[in-house]
Amino acid sequence: MPGDDLRLGPSRSLRRDEAAARRALLDVTAYDVSLDLASDERTFGSRTVIRFRSQGGPTFVDLKPIAVSSIRLNDAPIDPDLLDRGRLPIATAAGENELVVSATMRFRNDGEGLHRSVDPADGRHYVYGMSFMDAAPSIFACFDQPDLKAPYTLHASAPADWVVVGNAPGVRVATQAGVSEWEFEETQPLSTYFVTLVAGPYHVLTDRHDGIPLGLSARASLAPHLDKDADELFTLTKQCFDEFHRLFGIRYPFGNYHQAFVPEFNAGAMENPGCVTFRDPLVFTSRVTRGLRIQRATTVAHEMAHQWFGNIVTPRWWDDLWLNESFAEYMGNRVTADVTEYADAWSDNSYARRQWGLTADQRPSTHPVAGNGAEDALAALQNFDGISYAKGSAILRQLAASLGDQVFFAGVIDHFTKHRFGNATMHDLFGSWEEAAADAGSVVDLSDFTRNWLLTAGPDRITLDRVNGLILREPPEGRPADRSHTFRVAVHDGDWQTRTVTVTGPRTADAATGDAVLLDPYDDTWAVLLPDPATVQALKTLLPRVTDGGLRAGVWNNLRSAVYNAAVDPADVVDIAAASLPIEDTEDSKRRTQPWLFGWVVPLAPEGSLERLHRAATERLAAQRPGSELQLSALRAAITSSTDAGQLRGWLDAPPAGIDPDLALRWRILTRLATLGAIDRAGLRAAYDAEPTGEARIQLTAALCSLPDAEAKAYAWSVFTGATDLPNYEVEAAAAGMWRGGQEELWAPYVDRYFTDLPGTAAVRSGWVLAEAAEAFFPALSIDERTLAAARALIAEPELDNTIRRRLVDASDDLARKLATRNAFPLQK
Ligand SMILES: [Zn+2]
C-alpha cells in the first residue's frame with residue numbers, strides 16, 4: 001500500500017505529434033477495465049486489459065498510479081520502475097498485443113479522474129469519473145488520445161449500498177460481505193476521454209422515451225429537490241431527443257441516457273456517452289430565477305447535441321474542439337428555443353454567454369474558432385473558452401442561416417455517416433457541406449467564410465458616426481479580415497423602430513439618427529458594437545421603459561463592450577443601472593449583468609456609486625410584486641450593495657413578503673455580514689451547523705475568508721498556496737472571500753505575494769483547478785500600474801507553467817483595460 005503522500009507525481013501533456021505517431025502505430029481493439037471502489041476510502045484498485053494491433057515498435061501507455069502491482073505485455077512482465085512522469089514505455093509486437101496493468105490509483109478531490117467526496121449533510125461518500133483531457137490515466141491505463149477509440153467493458157466492486165452507473169447498461173451480479181459486483185455491457189467505440197462511472201448511494205429516477213431508457217441521479221440529500229424537478233428534466237430530455245432525431249435522422253446509438261448530477265464538478269457538464277455528468281448545483285435546492293432554469297435547459301440540450309457532435313464523430317485532435325463545443329452550443333440553444341418551454345433561450349444566451357465570447361476574442365490570447373493551434377492537451381484545455389463556445393455558436397448560427405437548414409443538416413448528416421464512431425477534422429465537415437450544396441443544385445465555396453470568420457481571430461469593431469451618417473467597421477489590429485455584417489439596428493425616435501443594414505466595406509452610408517441608435521441589439525452578427533455618446537445619454541431615460549427582452553439584452557451588451565474598451569464613463573453606466581435595476585428577472589450566475597456591474601464597474605465609478613445602486617435596488621424591491629423574480633433579483637442586488645448590518649439582519653430575520661429565506665439567500669446575507677465584520681466565526685459556524693449541506697460548506701468557506709481580519713486573509717491564502725487542501729469548489733469560494741471591496745488594507749500585502757506564490761501552485765494542483773485558482777486569486781481589485789507591471793514581469797518568466805501564464809495573460813489584460821478606463825475617465829476627488 002502507498003504511504004501517506006497520495007499526490008500524483010508530475011506528468012507530461014501529450015503533444016499532437018506524439019499522438020499522430022502513436023495513432024499511426026496502433027489500433028486499439030478493446031479495453032476491459034475492473035475498478036475496486038470498495039477496499040479503501042482514499043485509493044482504488046484498477047486493472048486494465050488493453051487489446052490492440054500494432055505495426056510493431058516502441059510506444060508508450062499513459063498511466064498515473066500511486067502504486068503498480070504488475071504490468072504484463074504479451075505475458076511478459078514489464079518493470080514498473082520504467083514509468084516516468086505518467087508514461088510507461090512499451091515495445092509492441094507486430095500484430096495482436098495484450099497489455100495488462102494492475103495498479104492502485106488515488107481518489108481525487110479536484111473534479112478530475114475518480115473524484116470522491118463526502119456529503120456533509122449525511123456523511124455519505126460519492127464517486128464519479130471525469131476522464132476528460134488528460135485525466136483518464138489516473139483511472140485506468142490507456143492510450144490517452146481522442147483518435148484511438150475502442151469499445152470498453154467495465155467491471156466494478158462497490159459498497160453494497162451504492163448504485164453504479166457507467167457508459168453502458170450495467171447490473172449488480174453479486175453481493176457478499178457488504179460488497180457488490182457490477183458488470184456492464186460492452187460500449188460502442190469510445191475515446192478515452194468519454195469513459196466514466198458514477199458510484200455511490202445516489203438517488204436514482206428512471207423513465208423511458210422512444211425506446212431509450214432514461215435516468216436521473218443526485219446525492220441522497222438532494223433527493224427531494226431532484227424529485228421536484230424530475231418532470232421538467234425528463235420532459236426537456238424527451239423534447240430534445242425528438243428534435244435531434246428529426247434534424248439528424250440518426251438515432252442516438254449509446255443505449256441508456258443517464259444524467260447524473262454529481263458533487264464538486266468543475267464544468268457545467270460532461271457529455272460522456274450514455275452517462276452525462278452535471279455539476280449538482282444544477283439541482284436547485286434554493287429558489288432560482290428563470291435565467292438559471294434556461295441555463296440548465298440549454299446545458300441539457302448541449303450535452304445531448306454532443307452525443308452526435310463529439311461522441312459519434314470525434315475530432316482527431318484538440319485543435320478541432322470547436323467541432324464539439326461550437327456545434328453543441330449552437331444546437332443546444334437552438335433546440336431549447338425551438339422545442340422546449342424556454343423559447344427565450346437565445347435572448348437569455350445574450351446575457352449569459354455573449355460577453356464571455358466577445359471579451360475572450362479581444363484579449364491577446366484570442367485564437368481562431370477553428371484550428372486553435374493547440375499543440376498539447378493542456379494548452380487545449382485553456383481553449384475551452386468563450387471563443388470555442390459563444391463565438392463558435394454565433395458563427396455557426398450565421399453559417400446555418402446562409403447555407404439554409406437543408407444544406408446545413410445534409411452536410412452534417414453526411415459527416416456523421418461517413419465517420420460514424422470514428423474521428424474527423426473540420427476539412428471533412430466542410431467537404432460534406434460543399435457536397436450537400438452541390439446535391440441541392442448550388443455551388444458553395446466556403447473558403448472565404450472559413451478564412452474570415454473561422455480561421456481569423458478577433459472581432460471587427462463597429463461604430464456609429466452620426467455626423468457623417470456612417471456606420472464604421474474596423475477589423476482588429478494585425479488581423480486583417482474582410483467580413484460582411486448583416487444585422488438589425490434599433491433606432492429610438494419617438495418609439496423604437498428596427499431595420500436591417502449590411503456593412504461590407506469600412507464605411508456604410510446608412511446610419512439612421514434618433515435619440516438612441518443601437519447596432520445589432522439582437523446578436524445577428526459577431527462584432528464589438530459600441531454605442532455613441534448620445535445613445536448612452538438617452539438610455540438613462542429610455543432603458544427603464546424597454547420591454548423587449550432581446551433589445552434590453554442588446555443594450556447591456558453594447559454597454560459592456562463600451563466599458564471593456566474604455567469607451568464609456570462608468571459614471572454614465574451607473575446612472576443607467578440605477579434607473580434600471582434590477583436589470584432583468586433572469587439574474588443568476590456569474591457572467592451576467594449584476595456581477596459585472598458590482599465587480600467591474602463600481603470599483604471604477606465615482607465614490608457613492610455603490611450607495612446609489614443600493615438605494616435604487618431597495619426602492620425597486622419595495623415596488624415589485626411579492627413572489628416575482630424581479631423582487632428576488634432586486635433583493636439580491638440590495639444585499640450585495642448593502643453596508644448596513646441592521647438592514648441585512650432585518651432581511652435575515654424577516655424577509656420581505658414573497659421571499660423564501662432559503663439557504664442560498666441566507667448565506668448571501670451572512671457572507672455580506674461577514675464582509676462588513678458584522679458577524680463572527682462562531683456565528684457563521686452556528687449557521688452552518690444548523691443546516692450542514694454541501695452548498696452551505698462552500699458558502700461557509702467564502703464567508704470565513706470574507707471576514708475583515710488578518711486571520712481570514714491568512715486562511716484564504718493558505719488555501720491558495722495549497723497549505724490547506726480543500727476541494728475545488730471551496731478553493732474558488734476562498735478566493736471570492738479573499739478580495740473584498742472596503743478591505744484594501746487587509747489584502748494589500750497579498751498583492752505582491754500573489755506573484756511570488758502563484759508559480760508554486762503548479763506543484764500542488766493541476767488542470768482545471770490550477771487555472772481556476774490562478775484566475776480567482778488574481779488581485780483584480782488592485783487597479784494600479786504597479787500590479788500590472790508585476791503581472792507582466794511574471795508572464796515574461798520562461799519557467800512559468802503555461803496554464804498559469806494563460807490565465808495571467810487574461811487577468812492582466814482585464815486589469816490593463818480597467819486602468820485605461822480610469823485614465824480616460826479620472827475620478828473627481
Ligand atoms: Zn460541450
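Counting convention: from 1, in listed order, for ligands and their atoms alike. Counting from 1, the numbers follow the sequence of the chain as shown.
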Inspect the contact between Asp428 and Lys418 and indicate whether a charged nitrogen and a carboxylate oxygen are less than 4.0 angstrom apart. no
Checking only N/O/S atoms, does Glu271 have one that is under 2.8 Å from the Zn ion (ligand 1)? no
Taking the six-membered ring for Trp, are the ring centroids of Trp322 and Phe327 within less than 6.0 Å of each other? yes
What N/O/S atom of Glu325 gets nearest to the Zn ion (ligand 1)? OE1
Quick check, are the ring centers of Tyr152 and Phe184 under 6.0 angstrom apart? no
Taking every heavy atom of Met304 against every heavy atom of Cys240, the minimum-distance pair comes out as SD-CB, 3.5 Å
Can you check the angle at the Zn ion (ligand 1) formed by NE2 of His306 and NE2 of His302? Round it to the nearest 10°. 100°
